[in-house]
Amino acid sequence: MRILAYSRKSCADPARNSAILARHSLHRPGAGSDTERRGATEGIAAMRVLILGGGVVGVTSAYYLAKAGHEVTVLDRQPGAGLETSFANAGQVSPGYSAPWAAPGIPVKAMKWLMMRHRPLVLWPSLEPKLYGWLAKMLANCTEDAYRRNKGRMVRLAEYSRDVLRDLRTETGITYDHREKGTLQLFRTQKQLDHVGDDTGVLDEYGVPYEVLDPAGCIAAEPALARVGGSFVGGLRLPGDETGDAHLFTQRLAAICESMGVTIRYGATITSLRQEGGRIVGVGLAGTGSAGGEVLTADRYVAAMGSYTPMMLKPLGIELPVYPVKGYSLTLPVTNAEAAPVSTVMDETFKVAITRLGDRIRVGGTAELAGFSQALRGPRRATLERSVLDLFPQGGDVSQAKFWTGLRPMTPDGTPIVGATAYDNLYTNTGHGTLGWTMACGSGRLLADLIGGRAPEIDHQDLAESRYAKAA
């Protein structure tokens with residue numbers, strides 16, 4: 001048999017299932033006008049909102065806030081949108097693959113990974129206290145209860161985000177080399193396949209469809225794998241996942257935002273957030289001359305600066321447990337379409353994602369703990385090359401690949417930090433780790449609802465910064 005196990009998108013609790021279906025029906029094209037879907041806006045005053053950060057998370061936040069009628073300004077130090085972590089990520093929109101790195105058994109696995117030649121985890125010696133504090137918090141989340149709680153949060157937001165992204169495509173007609181052909185997590189060993197149940201239980205709970213496949217089933221999903229038969233024993237396919245170029249999406253959505261009246265200021269280096277009486281009263285920008293830089297004011301402020309968000313908020317007394325986890329990617333031209341992936345294949349052994357983006361193949365992976373270093377390291381490239389040449393040796397030209405690195409803003413529990421802070425006009429939208437592209441639209445829509453005083457369409461209290469205060 002090709003399909004060893006199968007799950008439909010359903011929940012054991014009929015009442016809960018009805019609630020989920022009702023909620024998601026709000027996002028389907030033709031389910032009423034925009035006002036009907038979002039609720040009446042009478043009595044909600046338009047506000048001036050400053051968004052700090054012009055990556056995929058910041059730009060999607062700007063889109064939904066502008067759509068709700070607010071006056072929005074985005075600040076980014078780069079000359080264009082999506083030029084840092086969003087630039088060349090793995091290309092997955094993968095709610096079904098949303099899971100925290102902190103999981104039972106990870107401490108032992110991590111020790112083994114560190115010893116591998118093509119290791120998926122790299123830890124550079126460091127005296128940085130923040131790194132070891134972050135690692136300690138991550139280890140504390142490596143329990144069964146914490147894993148299920150954290151994965152549940154992530155799947156909830158990611159599933160919602162995928163639905164919201166689909167609506168955005170319908171509303172705007174935006175294109176970004178996207179495909180809706182699922183993700184295949186490929187297992188090279190029987191031991192990996194035997195542990196597939198570690199994830200499918202949570203997928204069942206949240207109604208995420210999946211298929212557990214034997215080798216023939218994997219080849220049916222990704223025909224090019226027939227050329228390397230025998231190198232894998234099975235896989236977990238998530239048919240609801242999508243792929244797409246996050247950078248292309250961010251740049252095109254930024255242009256749409258500007259057509260809606262959003263002001264985007266590139267080359268704007270933020271130096272400080274100024275506060276008085278428990279409120280943010282301005283954002284300082286770098287400048288020259290004795291007068292210093294400019295100060296911008298707004299009614300609401302959104303911190304969406306990825307790995308750099310904690311250092312901006314620390315002077316305010318807000319300690320976000322977000323650490324930059326460095327990832328790498330290769331982007332190579334397709335040389336034989338029939339030998340290239342159809343969608344995304346996750347190589348479980350090397351923790352590498354191989355994704356088809358139009359006439360390119362994106363190969364992304366590695367978790368390197370090296371602070372804010374963005375040095376391109378040869379051994380990391382070798383791991384990416386090994387994976388893609390093992391599975392799709394004739395699909396693309398590795399000799400022409402563009403090598404890139406970026407800093408993923410990771411929380412110790414894997415869940416992003418989206419929502420209000422102790423300052424009543426300051427919000428965060430950060431900490432998405434490897435899933436910023438997956439969760440961007442849902443996070444932006446959720447944030448716009450919170451700022452606008454509307455009831456969000458998903459549970460959100462456990463996504464805010466306050467969950468860490470409670471844990472303390």
Side-chain angles (χ1 to χ4, degrees), residues 23 38-39 44 47-53 55-68 70 72 74 95 98 100 137 141 149-161 163-164 273 275 278-280 283 298-310 312-314 316-323 409-433 435-436 438-472:
R23 184 167 65 228
R38 295 180 59 81
I44 299 175
M47 289 175 283
R48 294 177 302 135
V49 184
L50 265 178
I51 298 176
L52 316 183
V56 67
V57 171
V59 170
T60 50
S61 299
Y63 173 78
Y64 289 108
L65 284 161
K67 188 179 174 189
H70 302 295
V72 182
V74 178
S98 298
K137 291 175 182 176
N141 278 278
R149 177 180 66 246
N150 295 330
K151 184 176 177 69
R153 291 169 173 168
M154 296 171 73
V155 170
R156 180 205 317 151
L157 178 58
E159 287 274 300
Y160 173 68
S161 188
D163 290 351
V164 171
L273 288 174
Q275 63 90 16
R279 289 178 62 82
I280 305 302
V283 173
D299 302 307
R300 298 289 185 270
Y301 302 82
V302 178
M305 302 172 68
S307 298
Y308 297 91
T309 306
M312 188 59 58
L313 300 190
K314 186 174 182 179
L316 303 175
I318 298 175
E319 297 277 355
L320 296 184
V322 173
Y323 192 81
M410 294 288 297
T411 62
D413 58 10
T415 311
I417 307 172
V418 185
T421 70
Y423 291 80
D424 63 13
N425 63 341
L426 174 64
Y427 296 77
T428 60
N429 198 355
T430 191
H432 298 76
L435 296 166
T438 294
M439 297 180 174
C441 287
S443 298
R445 175 68 179 267
L446 169 62
L447 198 71
D449 286 342
L450 290 171
I451 289 175
R454 299 181 182 86
E457 297 171 346
I458 61 169
D459 294 336
H460 63 91
Q461 292 83 357
D462 56 358
L463 303 178
E465 177 264 341
S466 58
R467 73 179 185 268
Y468 295 111
K470 291 175 182 177

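Note: hydrogens, waters and symmetry copies are ignored here, and every other heavy atom, side chains too, is used.
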Worksheet entry | Contacts of type side-chain contact (heavy atoms from CB on, under 4.5 Å), residue Ala440, not counting sequence neighbours | Val56, Val57, Thr60

Worksheet item: Looking only at atom types and distance, does a side-chain atom of Lys151 sit under 3.5 Å from a main-chain N or O of Ser98, one as donor and one as acceptor?
Response: yes

Response to the item:
Between Glu465 and Ala422, the two heavy atoms sitting closest are OE1-N, 4.4 Å

Worksheet entry | Inter- and intrachain pairs under side-chain hydrogen bond (donor to acceptor under 3.5 Å, both in side chains), touching residues 422-431, at least two apart | Ser61-Asn429, Arg279-Asp424, Thr309-Thr430, Asn429-His432

Item to complete: Report yes if some heavy atom in the side chain of Val418 is under 4.5 Å from a heavy atom in the side chain of His460; otherwise report no.
Response: no

Item to complete: Please report the shortest heavy-atom distance between Met154 and Pro100, naming the atom on each side.
Response: SD-N, 3.5 Å

Fill in: Atom of Val74, atom of Ala62 and distance for their closest heavy-atom approach
CG2-CB, 3.6 Å

Discussion item. Quick check: do Tyr160 and Pro95 have side-chain heavy atoms less than 4.5 Å from each other?
Written reply: no

Discussion item. For Leu316 and Thr421: C-alpha separation, side-chain torsions, deciding distance, then whether side chain to side chain contact (heavy atoms under 4.5 Å, CB included) applies.
Written reply: CA-CA 11 Å; Leu316 303 175; Thr421 70; over 6 Å; no

Worksheet item: Closest approach of Pro321 and Ile417, non-hydrogen atoms and distance?
Response: CD-CD1, 4.2 Å

Discussion item. Whether the side chain of Ser161 engages the backbone of Ala158 through a donor-acceptor N/O pair (distance < 3.5 Å, no angle test) should be reported.
Written reply: no

Worksheet item: Side chains of Gln275 and Leu426: does their closest heavy-atom pair fall under 4.5 Å?
Response: no

Discussion item. If you compare all heavy atoms of Ala66 against all heavy atoms of Val72, which two are closest, and at what distance to 0.1 Å?
Written reply: N-CG2, 3.8 Å

Fill in: Heavy-atom pair with the smallest gap, counting every atom of Ala448 and Leu65
CA-CD2, 3.7 Å

Discussion item. Under the rule for ring-ring contact (aromatic ring centres under 6.0 Å, His included), what residues qualify as partners of Tyr323, not counting sequence neighbours?
Written reply: Trp134

Practice prompt. Output the distance between atom CZ (Arg467) and atom CG (Asn150), rounded to the nearest 0.5 Å.
Written response: 7.5 Å

Worksheet entry | From Leu446 atom CG to Met439 atom CE, the distance as rounded to the nearest 0.5 Å | 11.5 Å

Discussion item. Quick check for you: to the nearest 0.5 Å, what is the distance between Leu273 atom CG and Ile318 atom CD1?
Written reply: 8.5 Å

Worksheet item: OH/Tyr64 to CG/Asp449 distance, rounded to the nearest 0.5 angstrom?
Response: 10.5 Å

Item to complete: Apply side chain to side chain contact (heavy atoms under 4.5 Å, CB included) to Ile280 and Leu50, showing your working.
Response: CA-CA 11 Å; Ile280 305 302; Leu50 265 178; over 6 Å; no

Worksheet item: Can you name the residues that form a salt bridge (charged side-chain N to carboxylate O under 4.0 Å, His left out) with Arg153, not counting sequence neighbours?
Response: Asp413, Asp462

Worksheet item: What salt bridge (Lys or Arg N to Asp or Glu O under 4.0 Å) pairs are there with at least one residue in residues 298-309, not counting sequence neighbours?
Response: Arg48-Asp299

Item to complete: Test side chain to side chain contact (heavy atoms under 4.5 Å, CB included) on Leu435 and Leu157 and set out the steps.
Response: CA-CA 11 Å; Leu435 296 166; Leu157 178 58; over 6 Å; no

